[in-house]
Amino acid sequence: MLESLESLLTKSLQINHAKQIHALILTNAFRHLQPQLLQLILKTHPYNVQTTTHYIKNIIKYSDNNLDTFSITSTIRFFSKNNNFKHSIKLYAQLHYLGLVPSSFAISSALKCCAKVLDDGVGVLIHTHVFKYGFCDCVYVQTSLVDFYAKLGSMDIARKVFDEMRVKNVVSWNSVLAGYVKCGEIEVAQKVFDEMPERDVVSWNSMVLGYGKVGNMDQAEVLFRLMPQRNAASWNVMISGYANSGLVELARRLFDEMPYKNGVSYVTMITSYSKQGDVEAARKIFAEVKEKGLILYNAMIACYVQNGLPNVAVSLFNKMCQPDVSIQPDKMTLASIISACSLLGDKELVASIESYLSKMAIDIDDHLTTSLVDLYAKSGNIDKAYELFHCLQKKDLVAYTAMILGCGINGRENDAIRLFSEMIDAGVSPNLATFTGTLTAYNHLGMVDNGWRCFMTMQEFGLVPSIDHYAIMVDLLGRAGRLKEAHDLIKSMPMKPHAGVWGALLLGCSLHNHLEFGEVAAKHCMELEPDSTGYCTLLANIYASTGRWADAEKLRKLVRKSVFTKAPGSSWIG
DNA sequence: GTAGGGTTAG
């Protein structure tokens with residue numbers, strides 16, 4: 001029986017056989033055959049990826065560590081191919097733990113995964129194995145090392161490994177080239193490109209990408225026209241290059257011109273239009289695609305969320321989950337949907353997302369955690385937000401900003417300010433949103449001087465205050481009665497103040513009964529928003545409290561009159 | 001080995 005099962009295992013490539021044998025082996029008696037079982041499953045693919053993953057995990061779990069290098073390597077490659085990089089890395093660690101000698105395949109696959117998830121710990125460990133097990137002349141292993149360090153941004157090490165390679169192929173050259181492109185060193189990349197003994201379409205694409213990255217689309221275009229052959233990636237890097245330079249029309253022209261569009265092309269166009277705020281153009285592209293995949297849906301959903309249409313995003317999400325479409329959302333989808341929930345304040349949807357996360361065993365990474373931090377903070381559960389915030393592997397700009405804003409709207413201004421200085425100490429650079437949150441906190445606390453100092457540090461971070469930052473500062477100064485400073489700040493603004501800025505000054509004036517600036521501010525407000533009566537009322541209050549009763553009454557009459565004449569649709573007079 | 005999707009404000 002045992003013998004026949006073993007020979008069956010090696011011979012059986014039929015899917016139905018594979019399933020039967022699988023069932024048999026799981027009945028305990030044949031545990032020792034699990035390495036072969038793994039091979040069988042990986043060779044025949046009797047299940048879909050999800051089920052296969054599930055079984056493989058179980059087989060490994062119950063294998064009593066009797067797996068061999070070959071089965072583990074195949075499994076590492078299976079996980080890697082299905083974007084399950086963390087599992088690949090874990091398995092490589094297990095291989096090492098079992099005292100098995102890794103193959104060149106295991107090493108290069110595991111390094112690839114480390115590069116994908118930027119796991120420098122395991123990656124560097126694998127580098128020591130390369131020496132230990134003597135893979136110094138294996139071009140695949142060495143190239144994976146170059147690629148790993150290049151992706152990590154450690155170009156000096158990548159270069160060192162590359163220079164020491166005795167045998168190099170075009171992929172090795174492309175790896176260093178892509179590394180220099182990635183960190184924006186286009187001159188060095190150009191030098192590498194010139195030195196290359198052989199170039200293929202990937203080399204050319206990297207150069208086109210590199211020039212696009214540094215904003216030199218002219219040179220990118222020159223290379224694009226010059227390259228001996230193009231593939232879809234060539235067109236796509238040009239499209240995203242133009243899109244990232246804000247030249248969406250040129251991107252679109254190439255998109256229309258390209259002979260064979262693929263999924264990436266559509267997604268690139270949708271994302272470009274999304275960044276431009278042109279939701280309708282993005283939606284048209286989306287509608288054009290016949291076979292819609294997960295990434296396309298993700299791009300469209302993100303577009304809706306980012307452009308203030310969370311409800312549309314949620315309905316598209318619901319559509320993709322329906323049986324006739326039946327696309328499994330992943331953590332990217334969920335990050336956008338959580339953001340939508342946060343904007344909508346939809347408690348029911350939040351509950352269903354939470355159960356989905358646990359049911360589908362979604363890998364909750366820092367990105368996803370950050371969107372949850374924002375969600376809980378915005379919905380008032382600041383303790384839970386804090387808890388998740390502390391669970392983050394790496395607290396980045398977005399996480400700090402979400403937390404600072406969250407504290408601000410939950411009355412924890414002191415926490416917001418503390419988090420701000422914590423983030424600066426941690427070497428994380430704030431952006432405009434961070435300052436919005438922090439300045440708002442100072443504003444609520446009425447801490448004028450600290451707020452002012454904070455405002456002044458914006459330029460140290462290379463930031464130009466937006467109109468809203470000015471509005472917060474005017475509000476802060478105005479409430480504190482420092483009306484001249486507020487007025488001076490408005491006059492110094494490089495952009496035209498909107499009604500919110502003047503309104504903040506007017507509010508300050510009404511709190512402190514300051515007529516001179518109050519009249520100036522009110523005049524601007526009424527010019528900018530002639531339909532709004534609130535400004536008249538504020539000015540009338542100033543008149544009244546400074547004893548100018550006649551002016552006050554005149555304005556109030558005006559207000560009453562306009563209430564009766566304006567906006568008939570919303571008026572009870574009808 | 002090159003190209004595409006996610007999180008923070010308004």
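None of the values given here were measured: they were computed from a predicted structure.
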All side chain to side chain contact (heavy atoms under 4.5 Å, CB included) counterparts of [X], not counting sequence neighbours:
X	value
F135(A)	S104(A), I107(A), V130(A), Y133(A), C138(A), V141(A)
V264(A)	N236(A), N262(A), T268(A)
T401(A)	L397(A), L405(A), N431(A), A433(A), T434(A)
N307(A)	S274(A), V279(A), C303(A)

* Asked: OP1 or OP2 of dT7(B) sitting under 4.0 Å from any side-chain N/O of K331(A)?
  ->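 So the side-chain polar atoms of K331(A) never come under 4.0 Å of the phosphate oxygens OP1 or OP2 of dT7(B).
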* **Any pair counted as side-chain hydrogen bond (donor to acceptor under 3.5 Å, both in side chains), so long as it reaches residues 281-295 of chain A, sequence neighbours left out** =>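 For residues 281-295 of chain A, and leaving out neighbouring residues, the side-chain hydrogen bond (donor to acceptor under 3.5 Å, both in side chains) pairs sorted by first residue read E280(A)-R283(A).
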* Asked: Which pairs pass salt bridge (charged side-chain N to carboxylate O under 4.0 Å, His left out) with one or both residues in residues 160-169 of chain A, sequence neighbours excluded?
  ->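 Only D137(A)-R166(A), R159(A)-D163(A), K160(A)-E164(A) qualify under salt bridge (charged side-chain N to carboxylate O under 4.0 Å, His left out).
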* Asked: Who are the salt bridge (charged side-chain N to carboxylate O under 4.0 Å, His left out) partners of K331(A), not counting sequence neighbours?
  ->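 Here the qualifying residues are D363(A), D365(A).
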* **For D218(A), all residues meeting salt bridge (charged side-chain N to carboxylate O under 4.0 Å, His left out), sequence neighbours excluded** =>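 Partners of D218(A) by the salt bridge (charged side-chain N to carboxylate O under 4.0 Å, His left out) criterion come out as none, since no residue qualifies.
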What residues in [range] put a non-hydrogen atom under 4.0 Å from any atom of DNA chain B?
range	result
residues 389-401 of chain A	V398(A), T401(A)
residues 263-290 of chain A	G263(A), V264(A), V267(A), T268(A), T271(A)
residues 303-320 of chain A	Q306(A)

* Scan residues 356-388 of chain A for pairs that pass ring-ring contact (aromatic ring centres under 6.0 Å, His included), counting only residues two or more places apart or in two chains. =>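 Output for this query lists Y386(A)-H390(A).
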Base, sugar-phosphate, or nothing: which does [X] touch, judged by heavy atoms less than 4.0 Å apart?
X	answer
L294(A)	base
S336(A)	sugar-phosphate
K261(A)	nothing
D330(A)	base
L368(A)	base

* Mark yes or no for a side-chain to base donor-acceptor pair under 3.5 Å between N431(A) and dA9(B), with no hydrogen or angle criteria applied. =>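 Checked by distance alone, the answer is no.
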* Asked: Do D365(A) and dG6(B) share a donor-acceptor pair, side chain to base, under 3.5 Å?
  ->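 Between dG6(B) and D365(A), which were checked side chain against base, a qualifying N/O pair under 3.5 Å is present.
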* To do: Please report, rounded to the nearest Å, how far the C1' atom of dT7(B) is from the CG atom of N298(A).
  =>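 Spelled out: CG on N298(A) to C1' on dT7(B) is 13 Å.
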* Taking the six-membered ring for Trp and the single ring otherwise, decide whether the centroids of H127(A) and Y149(A) are under 6.0 Å apart. =>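 Between H127(A) and Y149(A), the centre distance is under 6.0 Å.
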* To do: Report yes or no: do Q190(A) and Y211(A) form a side-chain donor-acceptor pair below 3.5 Å?
  =>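 Yes, because at least one side-chain N or O of Q190(A) sits under 3.5 Å from a partner of the opposite role on Y211(A).
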